[in-house]
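The model shown is predicted, which means the values in this text are computed figures rather than measured ones. Counting from 1, the numbers follow the sequence of the chain as shown.
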Amino acid sequence: MNRIVLASKSVGRKKLFEKYFKDFIICVSDIDEDIPEKSPAKLVEKLSIAKAEKVSENYPDDFVFGFDTVVVCKGQIIGKPATKEEAKDYLNFLSGKFQSVYSGFCIINRKENIKKSGYSRTVLKFKKLSSEWIDDYVEKNNVTLYAGGYAIQENDKFIRIIYGDRDVIIGAPMRKILKMKFLKKFFAK
């Protein structure tokens with residue numbers, strides 16, 4: 001059937017797909033994301049592959065996209081916070097510091113025997129955040145949905161990108177994906 005299937009419940013990824021693709025459907029993969037991996041690049045790629053493989057079982061004729069994102073600061077891999085309190089801890093830790101955001105991807109089409117995966121990295125610096133700003137941010141945002149406890153879709157004034165792409169921070173390395181010729185017929189423009 002050759003549809004685009006986004007294997008993610010991320011609002012940011014949904015918005016990116018709405019921007020770049022004509023049409024797509026969403027099917028969330030429920031996989032165990034707790035895997036032992038010390039390399040952030042390998043971690044996001046492995047999880048992206050696992051998500052795409054799981055969803056592609058039900059969509060073998062379609063192009064299934066899996067993604068995963070983590071933040072790395074001072075050698076520590078930071079995923080999604082489990083609670084709002086943990087999000088506050090993450091934001092306090094990240095405040096004023098340089099960090100890297102890794103976003104992995106995997107595209108699978110079982111019928112056409114296509115499997116492409118990889119990752120991209122963006123380096124950014126947080127502004128120094130006050131505890132009042134953090135408290136307010138955590139109260140007004142669904143911080144448990146985002147790696148590092150933050151999202152930049154609505155407000156990116158607290159970060160400065162040093163190297164890389166904004167889309168990577170949102171959760172999908174679209175620059176790499178848009179270079180794949182086999183996807184051109186799906187592009188919005």
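One finds the CD1 atom of Ile162 at 7.5 Å from the NZ atom of Lys125 (value rounded to the nearest 0.5 Å). For the atom pair NZ (Lys181) and NZ (Lys184), the distance works out to 6.0 Å, reported to the nearest 0.5 Å. Atom NZ of residue Lys54 and atom OG of residue Ser29 lie 8.5 Å apart, to the nearest 0.5 angstrom. Here the straight-line distance linking atom CG of Asp68 with atom OG of Ser8 works out to 9.0 Å at 0.5 Å rounding.
When the shell of 6.0 Å around NZ of Lys116 is examined, it contains 12 or fewer heavy atoms from other residues, nucleotides or ligands. Other residues, nucleotides and ligands place more than 12 heavy atoms under 6.0 Å from the NZ atom of Lys185.
With a 4.5 Å cut-off on side-chain heavy atoms, Ile152 and Ile159 count as touching. Val64 has its side chain out of reach of Ile107: every pair of non-hydrogen atoms, C-beta onward, lies at least 4.5 Å apart. Lys22 is not listed as a side-chain neighbour of Phe187, based on a closest heavy-atom distance of 4.5 Å or more. Counting only heavy atoms from C-beta outward, the side chains of Leu183 and Ile4 approach each other to under 4.5 Å. Residues Lys127 and Trp133 have side chains not in contact (no heavy-atom distance under 4.5 Å, counting atoms from C-beta outward). For the pair Lys14 and Ile26, the minimum side-chain heavy-atom distance is below 4.5 Å. You'll find the side chain of Glu53 reaches within 4.5 Å of the side chain of Ile108, heavy atoms only. Looking at Val55 and Glu57, their side chains never come closer than 4.5 Å, going by heavy atoms from C-beta outward.
The backbone N or O of Ala82 lies less than 3.5 Å from a partner atom in the side chain of Glu86, making a donor-acceptor pair. In this structure a side-chain-to-backbone donor-acceptor pair under 3.5 Å is present from Asp62 to Arg3. Here the side chain of Arg13 pairs a donor or acceptor atom with the backbone of Gly171 at under 3.5 angstrom. Side-chain N or O atoms of Ser10 include one that pairs as donor or acceptor with a backbone N or O of Gly12 at under 3.5 Å. Under the 3.5 Å distance criterion, the side-chain polar atoms of Asn141 are left unmatched by any main-chain donor or acceptor of Val143. A donor-acceptor contact shorter than 3.5 Å is absent between the side chain of Ser48 and the backbone of Cys106. One N or O on the side chain of Asn109 and one on the backbone of Asp61 form a donor-acceptor pair closer than 3.5 Å. At least one donor-acceptor pair closer than 3.5 Å links the side chain of Thr122 to the backbone N or O of Asp165. Proximity of a side-chain donor or acceptor of Lys84 to a complementary backbone N or O of Val138 within less than 3.5 Å is detected.
Under a hydrophobic clustering in which Ile, Leu, Val, Met, Phe, Trp and Tyr are joined whenever their side-chain heavy atoms come within less than 4.5 Å, directly or via other members, Leu16 and Leu47 fall into different clusters. In this structure, Tyr146 is not a member of the same hydrophobic cluster as Val101, with clusters built from ILVMFWY side-chain heavy atoms closer than 4.5 Å. Under a hydrophobic-cluster definition in which Ile, Leu, Val, Met, Phe, Trp and Tyr are linked whenever side-chain heavy atoms come within less than 4.5 Å, directly or via other members, Ile169 and Met174 are assigned to the same cluster. In the hydrophobic clustering of this structure, Val70 does not group with Phe105; members are Ile, Leu, Val, Met, Phe, Trp, Tyr whose side-chain heavy atoms approach within less than 4.5 Å, directly or through other members. No single ILVMFWY cluster, assembled from side-chain heavy atoms under 4.5 Å apart, contains both Val28 and Ile49.
In this structure, the ring of Phe65 has its center less than 6.0 angstrom from the ring center of Phe21.
Take Lys74 and apply the side chain to side chain contact (heavy atoms under 4.5 Å, CB included) test, not counting sequence neighbours, and it matches Phe93, Lys97. With sequence neighbours left out, the side chain to side chain contact (heavy atoms under 4.5 Å, CB included) criterion links Gln99 to Val71, Cys73, Leu94, Leu124, Phe126, Tyr150.
Residue Gly148 comes nearest to Ile78 through the heavy atom pair CA-CG2, 3.8 Å, listed as atom of the first residue, atom of the second, then distance. Of all non-hydrogen atoms in Ser39 and Ile77, the two that sit nearest each other are C-CD1, 4.4 Å. The minimum heavy-atom distance linking Ser120 with Pro173 is given by the pair OG-CB, 3.4 Å.
Salt-bridge check for Glu154 with Lys15: passed, with a basic side-chain N closer than 4.0 Å to an acidic carboxylate O.
With a 6.0 Å cutoff to the six-membered ring centre and a 45° limit on the axis angle, Lys176 counts as a cation-pi contact of Tyr119.
Glu112 and Asn2 form a side-chain donor-acceptor contact under 3.5 Å, judged by distance and modelled atom types alone.
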Open item on the list: One pair to check against side-chain hydrogen bond (donor to acceptor under 3.5 Å, both in side chains): Thr69 and Ser103. What are the steps and the verdict?
Closed with: CA-CA 4 Å; Thr69 303; Ser103 279; 2.8 Å; yes
Task: ring-ring contact (aromatic ring centres under 6.0 Å, His included) between Phe186 and Tyr20, intermediate numbers included - done: CA-CA 8 Å; Phe186 300 106; Tyr20 293 113; over 10 Å; no
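Below 30°, between 30° and 60°, or above 60°: for Phe17 and Phe24 the angle between ring planes is above 60°, a perpendicular geometry.
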